[in-house]
There are 2 protein chains.
Amino acid sequence: MGATKTEDYNEKTLRVAALFQALAHPARIAIIEQLAKSDTCQCGELVSELPLAQSTVSQHLKAMGNAGVITGTVEGTATCYCIDRKSIRQLMAFLDKVSGQLERQDQKCC
Amino acid sequence: MGATKTEDYNEKTLRVAALFQALAHPARIAIIEQLAKSDTCQCGELVSELPLAQSTVSQHLKAMGNAGVITGTVEGTATCYCIDRKSIRQLMAFLDKVSGQLERQDQKCC
DNA sequence: TTTATTTATCGCAATATTACGATATTTTAA
DNA sequence: TTAAAATATCGTAATATTGCGATAAATAAA
């Protein structure tokens, strides 16, 4: 088949999976690192930092925006992108919960 | 083309992306939630919790294992899976770093 | 208004992912 | 040894993702 089954998972699970998916590519990690590093929002500079064509970068940015990982603001002829902090918090909350549960487990195996 | 370019990213970026990719599916999030919730390692129970065929679940587990997100131990005729805590820590470290950098930014936009 | 600059979108090709059923493999139990 | 139970692997089909060049769209500058 090839299409992910989505109808049998709860909202939160789907949301977390979508966030992970939006970051599941080295170019997107590199984009996040750039956006986090620089004090001002990055626009065209992102393209020059990546080994990809402009259209490909634009595509990645769109996917990340759709998932709510970044936000884009048109600034004249440029578009400025920033990280959406809420999405980072949501991912951290998920991992924190998992981590806490793991600490409370008494190691029966592994 | 379709194949991700990997040769132009540094090791850490590739590693983080691979970890995110290993979790970029609702079934895998559900698997992690199960493994975190239960005190003992889960084996066949995982299949019954998911709306997928046994072979499909096995495939997901293999992918997660290859990325180092879980570890599997053969236990007689069953296989027991646990979360690899190191991978969770690595993801948290990445997000923590991003989060810290964001807090230190003076909001020029967004 | 025309031109340059920047980003987005379209169309396409190549590859990867997702999913399933069938079957192989492994270990335990009879 | 044979049968069962549990997982893994294989083969295959459908869909998604990745990437590029070409081109459209939008704004700024001349």
Side-chain angles (χ1 to χ4, degrees), chain A residues 1-9 13-14 17-31 34-35 41-67 69-82, chain B residues 1-9 13-14 17-31 34-35 40-67 69-82 109:
Chain A
M1 312 225 164
T4 297
K5 275 192 176 178
T6 63
E7 65 276 16
D8 299 304
Y9 303 98
T13 298
L14 290 172
L19 287 176
F20 277 120
Q21 191 160 21
L23 297 175
H25 191 288
R28 302 190 186 171
I29 299 301
I31 287 170
Q34 271 295 315
L35 293 181
C41 290
Q42 297 287 309
C43 316
E45 299 105 278
L46 284 173
V47 174
S48 52
E49 299 289 338
L50 295 169
L52 296 170
Q54 178 267 324
S55 61
T56 306
V57 175
S58 187
Q59 227 175 206
H60 280 297
L61 291 168
K62 188 180 182 183
M64 295 170 80
N66 285 341
V69 170
I70 61 175
T71 58
T73 325
V74 176
E75 203 95 0
T77 164
T79 308
C80 291
Y81 287 99
C82 298
Chain B
M1 313 225 163
T4 297
K5 275 193 179 179
T6 62
E7 66 275 16
D8 299 305
Y9 302 98
T13 299
L14 289 171
L19 288 176
F20 276 120
Q21 191 160 20
L23 297 174
H25 191 288
R28 302 191 186 172
I29 300 299
I31 287 171
Q34 272 294 315
L35 292 181
T40 65
C41 290
Q42 297 287 305
C43 315
E45 300 103 278
L46 284 173
V47 175
S48 53
E49 299 289 338
L50 295 169
L52 297 170
Q54 178 267 324
S55 60
T56 306
V57 175
S58 188
Q59 226 175 205
H60 280 297
L61 292 169
K62 188 180 182 184
M64 294 170 80
N66 286 341
V69 169
I70 61 175
T71 58
T73 324
V74 176
E75 203 96 2
T77 164
T79 307
C80 291
Y81 287 98
C82 299
C109 46

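Order of the sequence lines sets the chain letters (A, B, ...), proteins ahead of strands, with each chain counted from 1.
The distance from atom CG of Leu52(B) to atom CG of Leu46(B), rounded to the nearest 0.5 Å, is 11.5 Å. In this structure, CD1 on Ile70(B) lies 11.5 Å from SG on Cys80(B), to the nearest 0.5 angstrom.
With rounding to whole Å, Leu50(B) atom CG is found 17 Å from dA6(D) atom P. Between the CG atom of Leu23(B) and the C1' atom of dT17(C) there is a distance of 15 Å, given to the nearest Å. Put simply, CZ on Phe20(B) is 22 Å from P on dA16(C), counting in whole angstrom units. Whole-Å rounding puts the Gln59(B) CD to dT18(C) P distance at 9 Å. The separation between Ile70(A) atom CD1 and dA8(C) atom C1' is 13 Å, rounded to whole Å. Nucleotide dT18(C) holds its P atom 13 Å from the CG atom of Leu61(B), rounded to whole Å. Remark: P of dA8(D) and CG of Asn66(B) are 12 Å apart, rounded to the nearest angstrom. Taking atom CG of Leu52(A) as the reference point, atom C1' of dG21(D) lies 14 Å away to the nearest angstrom.
For Ala17(A), the side chain to side chain contact (heavy atoms under 4.5 Å, CB included) partners at least two apart in sequence or on another chain are Pro26(B), Ile29(B). The side chain to side chain contact (heavy atoms under 4.5 Å, CB included) check on Ala18(A) picks up nothing, with sequence neighbours excluded. With sequence neighbours excluded, the residues satisfying side chain to side chain donor-acceptor pair (under 3.5 Å) with Thr13(B) are Glu33(A), Asn10(B).
You'll find that the side chain of Ser58(B) is closest to dA8(D), out of dA19(C), dA8(D), dT9(C). When distances are taken from the side chain of Ala78(A) to each of dT7(D), dT6(C), dT18(C), the shortest belongs to dT6(C). In this structure, the nucleotide among dT18(D), dA8(C), dG21(D) sitting nearest to the side chain of Arg28(A) is dT18(D).
Residues Leu50(A) and Ala30(A) share a closest heavy-atom pair of CD2-CB, 3.7 Å.
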Counting primed atoms plus P, OP1 and OP2 as sugar-phosphate and everything else as base, spell out the protein contacts along nucleotides 22-30 of chain C at 4.0 Å heavy-atom distance: B, S or - for each nucleotide, 5' to 3'.
B----SS--
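Taking side-chain N and O atoms only, Gln21(B) has no distance below 4.0 Å to OP1 or OP2 of dT17(D). Lys62(A) has a side-chain polar atom (N or O) that falls below the 4.0 Å cut-off from OP1 or OP2 of dT9(C). Neither OP1 nor OP2 of dT17(C) sits under 4.0 Å from any side-chain N or O of His60(B). Contact check, Tyr81(B) against dA8(D): a side-chain N or O comes under 4.0 Å of OP1 or OP2.
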Can you give me every donor-acceptor pair (side chain of residues 56-65 of chain A, partner residue at least two apart or in another chain, under 3.5 Å) with its distance?
| unit_1 | atom_1 | unit_2 | atom_2 | d |
| --- | --- | --- | --- | --- |
| His60(A) | ND1 | Arg28(A) | NE | 2.8 |
| His60(A) | ND1 | Arg28(A) | NH2 | 3.2 |

